Amino acid sequence: MNNAEIARVLDEIAVLLEMQDVEWKPRAYRQAARRLEELSEPVEDVRERGELEAIDGIGDTIAADVRAYLDEGEIERHRELRDRYPVDALALTRVEGVGPKTVKRLYEALGVQDLDQLEAAAVEGRVARVEGFGEATQQRILDHIGLAREGDERELLGKALPLVTGLVDELSQRDAFEAIEPVGSVRRRAPTVGDVDLLARAGDPEAAMDAFTGLDDVDRVFSRGDTRSSIVLGAGLQVDLRVVDADSWGSALVYFTGSKSHNIRLRRRAQDRGWKLNEYGLFADEERLAGGTEAEVYEALDLAEIPPELREDGGEVLAAEASELPDLVTEDDITGDMQMHTEWSDGAGSIREMAEAAAELGHAFILLTDHGPDLRVAGGPEEDDITEIRAEAERAEEATGVRVLVGIEANITTKGGLDISDQACRELDLVVASLHTRAGDATERIAKAIGEHPVDVLAHPTNRRIGWREPNELDLDRLAEVCAEQGVAVEINAQPDRLDLPWRQVHRHREAFDWVVSTDAHSPGQLGRMHLGLAQARKAWLEPEDVLNTRDPEEVVDHLRG
DNA sequence: GCCGTTTTCGGCCCGACTGTTTTCAGTCG
Ligand SMILES: Nc1nc2c(ncn2[C@H]2C[C@H](O)[C@@H](COP(=O)(O)OP(=O)(O)OP(=O)(O)O)O2)c(=O)[nH]1
Ligand SMILES: [Mg+2]
Ligand SMILES: [Mg+2]
Ligand SMILES: [Zn+2]
């Protein structure tokens with residue numbers, strides 16, 4: 001997949017153009033880079049179909065650039081710019097406070113081309129002696145160059161959320177805060193977050209900022225103002241806090257929840273009406289038209305209130321205008337959990353404990369999916385253990401009132417088979433199947449496995465592990481056909497580093513599949529992660545009817561087996 | 001460079017914080 005790679009080149013072109021004071025083009029290159037990153041398929045496929053120019057923000061020139069990169073591995077415009085300024089523009093601008101103009105001046109004055117040379121120049125005091133630079137700038141570069149070397153580390157949503165809860169609890173206890181709300185990518189429930197953004201109301205904003213920048217765990221303070229501050233916590237997590245008045249609460253929520261492109265779309269809508277939208281409100285000249293609540297802001301723009309998960313500039317503003325926003329699936333709609341592991345394979349809980357935890361969560365049913373033979377770590381169920389598992393499941397059912405279905409997570413082999421027999425599959429209530437190895441063509445293997453064997457659910461289809469394993473590329477149009485023929489549903493896996501199938505692909509193919517949202521819990525506590533998968537389902541615009549595990553267990557089994 | 005039920009030309013979101021500026025450019029959200 002070249003998408004991210006090409007996006008990086010376009011981003012570098014943007015920086016190099018900005019260094020030369022070129023107007024507007026950098027904006028266009030950045031916009032195009034974002035669109036490529038967000039693509040839910042390889043850019044090669046779009047190119048094959050001749051649809052590059054159809055992507056919003058990509059016109060003739062950049063489409064030609066993309067084709068040149070795919071064919072020749074290089075974009076001429078990029079090479080020319082690099083000849084003029086042979087600098088690692090992306091690495092240098094990762095240093096907090098260093099942008100295109102700084103890169104240009106340091107290159108021209110000191111010949112700085114990369115992070116090592118930048119550090120050397122700062123250590124030797126040469127940066128501070130450049131006209132227009134000073135000691136403070138030099139020190140800031142030294143302070144932040146380490147972070148820039150690490151690259152742009154993003155945190156898993158599932159890891160960030162508990163930290164956010166802790167932070168919000170801690171600050172809420174301080175008198176200075178009247179209200180505090182997580183916003184940004186956390187509120188939109190993006191799979192990973194670059195930082196944590198918080199919005200607050202405060203009786204005494206000054207005291208609120210003091211409390212924030214004075215938190216025990218603060219490693220450094222990036223900036224501190226009257227309305228905005230930015231810190232880095234010991235764990236390396238950046239946290240931004242914005243403080244506003246009650247009058248502006250709604251418009252500030254809209255602003256700080258984003259996404260950036262959603263904001264721009266709303267602001268242009270305001271412009272079209274001769275108004276101005278910012279974090280303080282919606283204004284017609286000096287008159288405030290809205291601002292206290294989010295609903296008020298959207299309403300004043302003739303829009304239905306858009307759920308935060310949808311604010312990604314993926315058509316939600318148009319849908320809100322037409323009153324055609326989806327009735328998103330909620331946690332209350334969920335009736336059961338269709339992937340989990342017990343002590344019979346690599347889980348930490350007994351069947352009974354899993355059922356008890358499910359009862360606590362209000363589930364009507366669970367599907368046990370211990371691993372088949374290929375992934376047994378220690379022991380794991382043999383085929384004749386099924387009788388005993390069934391007996392245990394029945395006892396758990398009687399004790400908890402939760403219907404306990406007995407299934408398996410079968411491994412799809414490199415040849416597109418399963419690691420258990422078809423006969424064994426049929427003796428189970430349902431069969432979940434998934435890939436665990438990278439060999440061969442993933443689409444072929446999956447299509448063969450679900451085409452030739454009694455599979456009911458395809459689990460974590462791309463097998464990505466965010467941060468350390470790239471997703472398999474899949475031909476989802478082809479899989480949609482096979483799944484429809486065979487009555488196979490597709491999983492949205494709620495494990496924090498999976499969230500697989502990724503939401504953009506779910507969104508693109510939302511009409512083509514039946515979906516299930518599963519936790520893949522390996523302990524009773526992990527059954528509580530349903531909300532993470534559900535948030536991804538919501539980001540994909542799914543409604544309760546789209547998700548099988550919003551129905552009774554009998555209906556689910558009927559639908560998949562019937 | 002991209003785009004278009006107000007435009008094929010003329011716009012492109014809008015504001016906070018920092019440092020070195022003596023009045024604001026650069027960077028970031
Ligand atoms: N209007 C406007 N709003 C912006 C801009 N940049 C950021 N915002 C708003 C929308 C963002 O969601 C919000 C927080 O900014 P962040 O840089 O933290 O982005 P976000 O949290 O969306 O993603 P992240 O996971 O942190 O990379 O601030 C901008 O250039 N213009
Ligand atoms: Mg953020
Ligand atoms: Mg932020
Ligand atoms: Zn497992």
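Keep in mind it's a predicted model, so treat the numbers as computed, not measured. Each chain gets a letter, A, B and so on, in the order its sequence line appears, and its residues count up from 1.
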- [ ] Could you tell me whether A:D71 and A:R47 make a salt bridge, using a distance below 4.0 angstrom between a side-chain N and a carboxylate O?
- [x] yes
Task: Salt bridge present between A:E41 and A:R49 (N-O < 4.0 angstrom) - done: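 Yes, this pair counts.
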Quote, to the nearest angstrom, the [atom1] distance that separates [N] from [M].
{"N": "B:dT23", "M": "B:dC28", "atom1": "P", "result": "24 Å"}
{"N": "B:dT20", "M": "B:dT27", "atom1": "C1'", "result": "15 Å"}
{"N": "B:dC14", "M": "B:dC9", "atom1": "P", "result": "25 Å"}
{"N": "B:dT21", "M": "B:dG26", "atom1": "P", "result": "13 Å"}
{"N": "B:dC12", "M": "B:dT7", "atom1": "C1'", "result": "13 Å"}
{"N": "B:dC3", "M": "B:dC13", "atom1": "P", "result": "14 Å"}
{"N": "B:dG15", "M": "B:dT22", "atom1": "P", "result": "27 Å"}
{"N": "B:dG11", "M": "B:dA16", "atom1": "P", "result": "25 Å"}

Open item on the list: Both A:E135 and A:V103 contact DNA chain B. Which one's nearest nucleotide lies toward the 5' end?
Closed with: A:E135
Task: Which residue lies more 5' along DNA chain B, comparing A:E18 with A:D272 via nearest heavy atoms - done: A:D272
Calculate the interatomic distance between [X] atom [atom1] and [N] atom [atom2]; express it in whole Å.
{"X": "A:D195", "N": "B:dT27", "atom1": "CG", "atom2": "P", "value": "20 Å"}
{"X": "A:R30", "N": "B:dC28", "atom1": "CZ", "atom2": "P", "value": "10 Å"}
{"X": "A:D60", "N": "B:dG1", "atom1": "CG", "atom2": "C1'", "value": "10 Å"}
{"X": "A:D65", "N": "B:dG1", "atom1": "CG", "atom2": "P", "value": "8 Å"}

TODO: Only one of A:V329, A:L328, A:L542 passes side chain to side chain contact (heavy atoms under 4.5 Å, CB included) with A:L534; say which it is.
DONE: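 Exactly one candidate clears the test, A:V329.
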Open item on the list: Side chains of A:H262 and A:E312: any donor to acceptor distance under 3.5 Å?
Closed with: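 No, because no side-chain N or O of A:E312 sits under 3.5 Å from a partner of the opposite role on A:H262.
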Task: A:T137 side chain, from C-beta outward: closest of B:dG19, B:dG29, B:dC2 - done: B:dG19
Task: Pairing partner (Watson-Crick or G-U wobble, both distances under 3.5 angstrom) of B:dT8 - done: none
Task: Short side-chain N/O contact to B:dG29 OP1/OP2 from A:Q238, under 4.0 Å - done: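 Yes, such a contact exists.
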Task: Phosphate OP1/OP2 of B:dT27 contacted by A:T102 side-chain N/O (<4.0 Å) - done: yes
TODO: Name the orientation class of the two ring planes belonging to A:H144 and A:F222 (parallel below 30°, tilted from 30 to 60°, perpendicular beyond 60°).
DONE: perpendicular
- [ ] Over 60° means perpendicular and under 30° means parallel, so classify the ring planes of A:W541 and A:H507, tilted if in between.
- [x]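 Rings of A:H507 and A:W541: tilted, 30 to 60°.
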TODO: Mark up nucleotides 9-18 of chain B, 5' to 3', with B wherever a protein heavy atom is under 4.0 angstrom from a base atom, S wherever such an atom reaches only the sugar-phosphate, and - elsewhere.
DONE: ---BBBBSSS
- [ ] Please say whether more than 12 non-hydrogen atoms of neighbouring residues, nucleotides or ligands are located less than 6.0 Å from CD in A:E76.
- [x] no
TODO: Would you indicate what A:I55 reaches in the nucleic acid, counting non-hydrogen atoms under 4.0 angstrom: base, sugar-phosphate, or nothing?
DONE: sugar-phosphate
- [ ] Write down the atom of A:P26, the atom of A:L17, and the distance for their closest heavy-atom approach.
- [x] CG-CB, 4.0 Å
